[in-house]
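Have a look at the structure below before the remarks.
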Amino acid sequence: MESAADGPAQPRPSTGRPSWGLPFGRARRRSALSPSSRLPPAPRRTQVKAGAAEVAEDTQRTAFLLRKQWTLYSVTPLYRFSEAHLRDYSRLLSAFVAAEKKKGLAVEIGGELDIKVSVTSLPDLKGSDRDQAAILVQLSSRSSASPKNSEEKVIWSGWFCCVAGDELSENLPEAFTCLPLFLVNGAESNTAIVGTWFQKTFDCCFRRLSLSPFNLSWMAAMWTGCKVDKPASATELVFSVPRLPHPLHISYAINLEDAQALWATIQKTPGEITQEEVDVFMDCLYSHFYRHFKIHLSATKLVKVSTAVASAHCDGIIKFRQSQYLTGVLMLLTELAICQIQ
């Protein structure tokens, strides 16, 4: 078997080693996971030597992640992955995508393809210097009717990241890379193709990362406690009513200032959060709703949380709204992804 220094990993048959998880595309229900007691950190202060231009450039590099719907997956550690070979991975994955689109016809690696693949690094998405830089995978194409020099359109994006995943990465053998969280925006057919290539090439497994009502209640409390610079819409909680012949959802919107004022009376230690505080926060919201509408929300299922910081759905779909809390939200999602694969 080649060492990582010999070149990029090639698709290969199973080595017979125990699998880290389930095959790509399969999922199973998991138990509620207890998030960290830390609130999403405010933006880290830029070092003195970093000028305004550098800060603006860092923000611009990750701005495309905001206000898009991302589907969440957990990913087991990648075997013999190397950031030094991203250009080679782009070339190999391009050929694989083209072959899949052409239903198995031979495709020359490096030739002109209808769909181009780029695999690049996003070094800004880290929780600490010990984290692996995030890896962005994008599929782009140009319409056959467009001029050859026209700009290609991105049709699918996916990115791996590990924000404050020290606990898992420190215990991994040297040949493995910890990038446990994978976020996707684009067609499921492309997700399946890219996921299959990564599975074959790096002996890893993908699983959909769902969010339980327990997780969502933590997010509602944590994100309500975050201060935002720009005016924001109300905090909204969506509940599903069980055991009905037809789906029924209840939307509960709370003025942002009122929600933050409530949280300020509950939180005891700034920057930290406890399960008791989350329970009190949700119970207060339930009591207020019952007082006005005589409906027990505790008998329903929390399926979506929408705040000024981000929105999250139980199906594992998230939308980032504030760039200054992007790293903090990814820290929580990384923790949930690690819990699912351990």
Test L86 against E83 for side chain to side chain contact (heavy atoms under 4.5 Å, CB included), laying out the working first. CA-CA 6 Å; L86 297 186; E83 192 175 341; 4.0 Å; yes
Output, in order, the C-alpha distance, side-chain angles, deciding distance and verdict of side-chain hydrogen bond (donor to acceptor under 3.5 Å, both in side chains) for Q275 and D279. CA-CA 6 Å; Q275 181 63 58; D279 291 341; 2.9 Å; yes
Pair E277-W263, side chain to side chain contact (heavy atoms under 4.5 Å, CB included): steps then yes or no: CA-CA 9 Å; E277 291 168 346; W263 178 248; 4.0 Å; yes
Run the ring-ring contact (aromatic ring centres under 6.0 Å, His included) check on W159 and F182 step by step: do they pass? CA-CA 6 Å; W159 45 294; F182 185 53; 8.9 Å; no
Under the side chain to side chain contact (heavy atoms under 4.5 Å, CB included) criterion, do Y89 and S82 qualify, and how do the steps go? CA-CA 10 Å; Y89 298 154; S82 173; 4.0 Å; yes
Side chain to side chain contact (heavy atoms under 4.5 Å, CB included) assessment of T191 paired with W156: CA-CA 8 Å; T191 303; W156 183 93; 3.0 Å; yes
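Taking the six-membered ring for Trp and thresholds of 30 and 60 degrees, F202 and F81 have ring planes more than 60 degrees apart, a perpendicular arrangement.
Residues E236 and T307 form no side-chain contact, since every pair of their non-hydrogen atoms from C-beta on lies 4.5 Å or further apart. A heavy-atom distance below 4.5 Å is found between the side chains of F96 and T196. Using a 4.5 Å cut-off on side-chain heavy atoms (C-beta onward), F206 and F198 make contact. With contacts defined as side-chain heavy-atom distances shorter than 4.5 Å, the pair L65/W70 qualifies. Contact check for E276 versus K268: side-chain heavy atoms found under the 4.5 Å cut-off. In this structure the side chain of I135 never reaches within 4.5 angstrom of the side chain of L122, judged on heavy atoms. Counting heavy atoms from C-beta on, the side chains of S140 and K153 never come closer than 4.5 Å. For the pair V75/L181, no side-chain contact is recorded, criterion being any heavy-atom separation below 4.5 Å from C-beta on.
Residues P77 and I341 come closest through the heavy atom pair CD-CD1, 4.3 Å. Closest approach of S240 and T300 over heavy atoms only: O-CB, 3.4 Å. Heavy atoms only, all atoms of each residue included: V228 and A308 are closest at CG1-CB, 4.0 Å. Contact detail for V309 and C226: the closest heavy-atom pair is CG2-CB, 3.6 Å. In terms of heavy-atom proximity, L66 sits nearest to S323 at CD1-CB, 3.9 Å. Here the shortest heavy-atom pairing between V163 and T334 reads N-OG1, 3.2 Å.
The closest donor-acceptor contact from the side chain of Y252 to the backbone of L285 lies under 3.5 Å. In this structure, K126 contributes its side chain and P123 its backbone to no donor-acceptor pair below 3.5 Å. Using modelled atom types, no side-chain atom of N215 and backbone atom of L211 make a donor-acceptor pair closer than 3.5 Å. In this structure, R208 contributes its side chain and D315 its backbone to a donor-acceptor pair below 3.5 Å. Side chain of N255 to main chain of E257: a donor-acceptor pair is present (N/O by atom type, distance under 3.5 Å, no hydrogens or angles). A donor-acceptor pair under 3.5 Å is absent between the side-chain atoms of Q322 and the main chain of Q324, judged by distance alone. Proximity of a side-chain donor or acceptor of Y325 to a complementary backbone N or O of K227 within less than 3.5 Å is detected. T76 contributes no side-chain N or O that, together with a main-chain N or O of C204, makes up a donor-acceptor pair within less than 3.5 Å. Looking only at distances, a side-chain donor or acceptor of Q267 sits under 3.5 Å from a matching main-chain atom of E272.
Side chains of Q138 and S157: a donor-acceptor N/O pair is present below 3.5 angstrom, by distance only. Remark: the N190 side chain and the K101 side chain contain an N/O donor-acceptor pair separated by less than 3.5 Å.
Distance check: F160 CZ to L179 CG gives 7.5 Å after rounding to the nearest 0.5 Å. Here the CG atom belonging to L302 is positioned 9.5 Å from the CG atom belonging to L297, to the nearest 0.5 angstrom. Rounding to the nearest 0.5 Å places OG1 of T327 at 7.5 Å from CE of M331. Summarising the geometry, atom CG belonging to L139 is positioned 7.5 Å from atom OG belonging to S94; distances are rounded to the nearest 0.5 Å. Atom CD of E335 is separated from atom SG of C162 by 11.5 Å, given to the nearest 0.5 angstrom. The OG atom of S311 lies 9.5 Å from the CD1 atom of I317; values are rounded to the nearest 0.5 Å.
The only member of V305, V238, L237 that meets side chain to side chain contact (heavy atoms under 4.5 Å, CB included) when paired with L216 is V305.
Under the 4.5 Å side-chain heavy-atom criterion for ILVMFWY residues, no single connected hydrophobic cluster contains both V117 and V154. Side-chain heavy atoms closer than 4.5 Å link hydrophobic residues (I, L, V, M, F, W, Y) into clusters, and following such links, even through other members, never connects L248 to V303.
Residues H296 and Y290 bring their aromatic ring centres within 6.0 Å.
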